[in-house]
Engineer: 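Would you mind keeping the following structure in view while I ask a few things?
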Protein chains: 2
Amino acid sequence: MATAKGQRRSTIYDIATATGTSPATVSMVLNGTWQRYRISEATATRILDAARTIGYNVNMKARGLRLARSGLAGMIMPHYRNRFFAGLSETFEAGARARGFCPMVVSTQRKPETEREVVERLLSHQVEFLFIVGVANPDPLNELCSAANIPCVNIDLPGANAPSVVTDNQGGARMLTDILLDKIAAPDPSFHFLGGVAGEYATEERIAGFSQALASRGIALPETHIHRCGYWPPTARQSIEHLHDKLGGLPAGLFINSITAFEGAVQFFRALPPQAFEGRFIGCFDWDPFAAFLPFPVTMLRQNVEAMIEQGFSYIENYRAGDHPLTKVPPQLGPSHVKVPA
Amino acid sequence: MATAKGQRRSTIYDIATATGTSPATVSMVLNGTWQRYRISEATATRILDAARTIGYNVNMKARGLRLARSGLAGMIMPHYRNRFFAGLSETFEAGARARGFCPMVVSTQRKPETEREVVERLLSHQVEFLFIVGVANPDPLNELCSAANIPCVNIDLPGANAPSVVTDNQGGARMLTDILLDKIAAPDPSFHFLGGVAGEYATEERIAGFSQALASRGIALPETHIHRCGYWPPTARQSIEHLHDKLGGLPAGLFINSITAFEGAVQFFRALPPQAFEGRFIGCFDWDPFAAFLPFPVTMLRQNVEAMIEQGFSYIENYRAGDHPLTKVPPQLGPSHVKVPA
DNA sequence: CGGCAACGCTAAATCCATTTAGCAAACCGG
DNA sequence: CCGGTTTGCTAAATGGATTTAGCGTTGCCG
């Protein structure tokens, strides 16, 4: 890296020399603790002026080393390519800044090896706490944190070894399914579930909620109505296409497990004529501003990003090692639901 | 729970004590430079083992302080709420990691004051270089960097005081307009431009390209066809609504300046019947997977995020103070264009 | 006028990792 | 068996900010 070999960045020693004082005095003045140490106002002003004119900026490396406080707040997450994750990181950043930290958010593309490496890096940079978002298996990462004695919380996917905050997947799925059911006139509608990974926490929780809502209205849910086709859009597309061909049309109710699977479904839907959607109702457990305006009725759930992050900070602030509670935050109806005309 | 000592994090001194060696030896072994310093293999293995069992992790604060190299790569950007910005940060992160840095991306919500504060913070954490993305006025930020002697590049919006990488807005707009023109049968179609801010770099460049494409086919472009209604969706919505009412329908060609303005337009479009779009062609200077599947024909341009970031790194790697080139990266047609049937 | 406090500031230790200079012991050739 | 080299390691300085202990003055009281 061909960094211009110019002049060194200025230090408190430079200021001390320039003002004929000592580094200790400069430090006290710049920290605002000078009154406590009986530095005269004249000296303080002189130092402050000098600092301003040479454009001094603390070296957090040195400061952090001395104080064992880095001022860094860490977060890892899969990516930023949907509103849920984008919202989580922006809310986290705002929260961290409000609390006097510098946020450090790194995306890991859902690769366990990258996740591990990034966590190790963040810990070696001495982040003071860590939010772990959307990680399939947070346990090894939680372990790294507790070995380093750094508080952490899991967001979106829970773990047994750290406090966790997740969306109320089951309750949300029940709510979404009930909304779809309310719209449907047919007596015994066929409902299908699309997307997600077998055995994965969020998927199974949502299937449970979906199933409960159907059961409470006496609607059967054969295992064949559940299509855990993953999250990758092309796979989801293929899956819905197969289903459509088999049924000779769309099912009356379709519950789509995530915005990513929805992206795949939309790619198939656009080939269908408008009447293919008559009497059919689609729900998606996620929200996106454009998806909300597609040419067929979709009810979207928005996960309560703000509440989730707030709860995460609250866990960090009241951190007790060995105590691993789990909070489930209810999702909300997406803006589209409100605006869609009946 | 591999922590031997519950409280403090372990240091090379701990390892030295545990293995009956000196901190210097430990440092050499852990850095892999021990062969060069003639440390015996037996000692090296002993130290490595000890490091592993107590779960040692370098303190980058101390290391960075000594080496004047933090290992941190900084980036600031407005937000992550669209594919362009999300793509920029993910590509940046991958590039930084590939080069051995720990990426530090912070969003600033387009607030100049936050931008300034965040840059100061990143500098005080000694980032080794800084990518400045989508900042209306990068000059004061570039100045902060050069005062701290830290290389920086501007991405998306250029500045006169640092190397800059932007999309070829003018060329891209010309290309997009030409595509729309090719589709239109009418002899003298009316073309409108929607979105963006008067005087803003990208907006004016795109208007210039738009205007050139029209001019080269002899199509008039009165100033009243250009609607710089900002980026906020509700304003864009209102603007397109007014236009529609005035014209008694949509214009033959509509060039929308950004995905955000497009979001507003879509909110209005959905109230229109399908035939309102017959013979009308819409282009958007941005790409989104859902927007690409709306029920009317949209041609979307995808900015070449990968090439932009690569060019940014190349500027950093060949950094020469005082040299401030500008690269314009051509955008590409969004995936939707390819798939849309004629 | 001696003693003590208040005042205004500084020296030096500390945080942890890196690296140069160099020490003691083993070893070798003659 | 002595001078010289090699081997294997350590002491100590360094980087920048913080903080405790303390030093020299002046001012005040008795």
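Lettering of chains follows the sequences in order, A, B, ..., and the numbering in each one begins at 1. Predicted, not measured: the structure shown is a model, and the values here were computed from it.
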Engineer: Taking 5' to 3' order, which nucleotide of DNA chain D is first and which is last to have an atom within less than 4.0 Å of a heavy atom in chain A?
Structural biologist: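 Taking any atom under 4.0 Å from a heavy atom of chain A, the span is D:dG16 to D:dT20.
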Engineer: Would A:Gln109 and A:Glu115 count as having a side-chain donor-acceptor pair, cut-off 3.5 Å?
Structural biologist: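 No, no side-chain donor-acceptor pair sits under 3.5 Å.
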Engineer: Classify every nucleotide of nucleotides 5-10 of chain C by which part a protein heavy atom approaches to under 4.0 Å, writing B for the base, S for the sugar-phosphate alone and - for neither, in 5'-to-3' order.
Structural biologist: --BBBB
Engineer: Mind calculating the distance between CD1 (B:Ile12) and P (C:dA17) to the nearest angstrom?
Structural biologist: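 Rounding to the nearest Å, CD1 of B:Ile12 and P of C:dA17 are 5 Å apart.
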Engineer: In residues 47-63 of chain A, which ones come under 4.0 Å of DNA chain C, going by heavy atoms?
Structural biologist: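 Nothing qualifies; none.
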Engineer: CD1/A:Ile155 to OG/A:Ser89 distance, rounded to the nearest 0.5 angstrom?
Structural biologist: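 It is 12.0 Å, given to the nearest 0.5 Å.
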Engineer: So, is B:Ser27 near the phosphate of C:dT18, with a side-chain N or O under 4.0 Å from OP1 or OP2?
Structural biologist: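 B:Ser27 to C:dT18 OP1/OP2: side-chain N or O found under 4.0 Å.
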Engineer: DNA chain D: A:Thr33 or B:Tyr13, which has the more 5' nearest nucleotide?
Structural biologist: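 Going by which nucleotide is closer to the 5' end, it is B:Tyr13.
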Engineer: Side chains of B:Asn57 and A:Arg121 only: does a donor on one sit below 3.5 Å from an acceptor on the other?
Structural biologist: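 Per modelled atom types, B:Asn57 and A:Arg121 side chains form no pair under 3.5 Å.
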Engineer: Could you state the CG-P distance from B:Asn31 to C:dA17, rounded to the nearest angstrom?
Structural biologist: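 Answer to the nearest Å: 10 Å.
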Engineer: Flag the pair A:Glu90 and B:Arg81 as a salt bridge only when some basic side-chain nitrogen lies within less than 4.0 angstrom of an acidic carboxylate oxygen.
Structural biologist: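 Yes, charged N to carboxylate O under 4.0 Å.
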Engineer: Taking atom types as modelled, is there a side-chain donor on A:Glu93 or B:Tyr80 under 3.5 Å from an acceptor on the other?
Structural biologist: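 The answer is yes; a qualifying pair exists.
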Engineer: Answer yes or no: is there a donor N or O on one side and an acceptor on the other, between the side chain of B:Thr17 and the main chain of B:Tyr13, under 3.5 Å?
Structural biologist: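 Indeed, once roles are kept as given, a pair shorter than 3.5 Å links the two residues.
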Engineer: When you look at A:Leu141 and A:Cys152, which way does the side-chain contact (heavy atoms from CB on, under 4.5 Å) test go after all the steps?
Structural biologist: CA-CA 9 Å; A:Leu141 307 179; A:Cys152 63; over 6 Å; no
Engineer: So, the side chain of A:Arg46 versus the backbone of A:Thr19: is there a donor-acceptor pair under 3.5 Å, distance only?
Structural biologist: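 Side chain of A:Arg46 to backbone of A:Thr19: a pair is present.
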Engineer: I'd like a table of atom pairs between the protein and nucleotides 24-27 of chain C - only N or O on both sides, under 3.5 Å - with the distance next to each one.
Structural biologist:
none

Engineer: Could you check whether any side-chain heavy atom of A:Thr108 comes within less than 4.5 Å of a side-chain heavy atom of A:Ile76, counting everything from C-beta outward?
Structural biologist: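 Sidechains of A:Ile76 and A:Thr108: in contact.
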Engineer: Applying a 4.0 Å non-hydrogen cut-off, can you work out what B:Leu67 is touching in the nucleic acid: base, sugar-phosphate, or nothing?
Structural biologist: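 Answer is sugar-phosphate: B:Leu67 comes under 4.0 Å of backbone atoms only.
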Engineer: Give a yes or no on whether the backbone of A:Ile309 and the side-chain of A:Thr91 come within a donor-acceptor separation of less than 3.5 Å.
Structural biologist: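 Side chain of A:Thr91 to backbone of A:Ile309, a donor-acceptor pair under 3.5 Å: no, none is there.
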Engineer: So that I can tick it off, tell me whether B:Arg99 and B:Glu310 are bridged by a salt bridge, with the cut-off set at under 4.0 angstrom between side-chain N and carboxylate O.
Structural biologist: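 Answer for the salt bridge query: yes.
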Engineer: So, using ring pair (Phe, Tyr, Trp, His ring centres under 6.0 Å) as the criterion, who are the partners of A:Phe92 when residues are at least two apart?
Structural biologist: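 Applying ring pair (Phe, Tyr, Trp, His ring centres under 6.0 Å) to A:Phe92 gives A:Phe131, A:Phe313.
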Engineer: Report the distance from atom CG of A:Leu122 to atom CD of A:Glu128, rounding to the nearest 0.5 Å.
Structural biologist: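 The CD atom of A:Glu128 is 13.0 Å from CG of A:Leu122, to the nearest 0.5 Å.
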Engineer: How close or far is atom C1' of C:dT19 from atom CH2 of B:Trp34, stated in whole angstroms?
Structural biologist: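 After rounding, the gap between these two atoms is 18 Å.
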Engineer: With each end axis built from five pairs of C1' atoms, what bend angle do you get for the helix from C:dC1-D:dG30 to C:dG30-D:dC1? Round to 10°.
Structural biologist: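 Answer rounded to 10°: the end axes differ by 60°.
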Engineer: I'd like to check A:Ile150 versus A:Leu123 (side-chain heavy atoms, cut-off strictly below 4.5 Å). Are they in contact?
Structural biologist: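 Answer yes - side chains close enough.
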Engineer: Mind checking the CZ-CG spacing from A:Arg9 to B:Asn149? Nearest 0.5 Å is all I need.
Structural biologist: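 Those atoms lie 8.5 Å apart.
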Engineer: Thinking salt bridges, do B:Glu120 and B:Arg116 make one under a 4.0 Å N-O criterion?
Structural biologist: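 Answer for the salt bridge query: yes.
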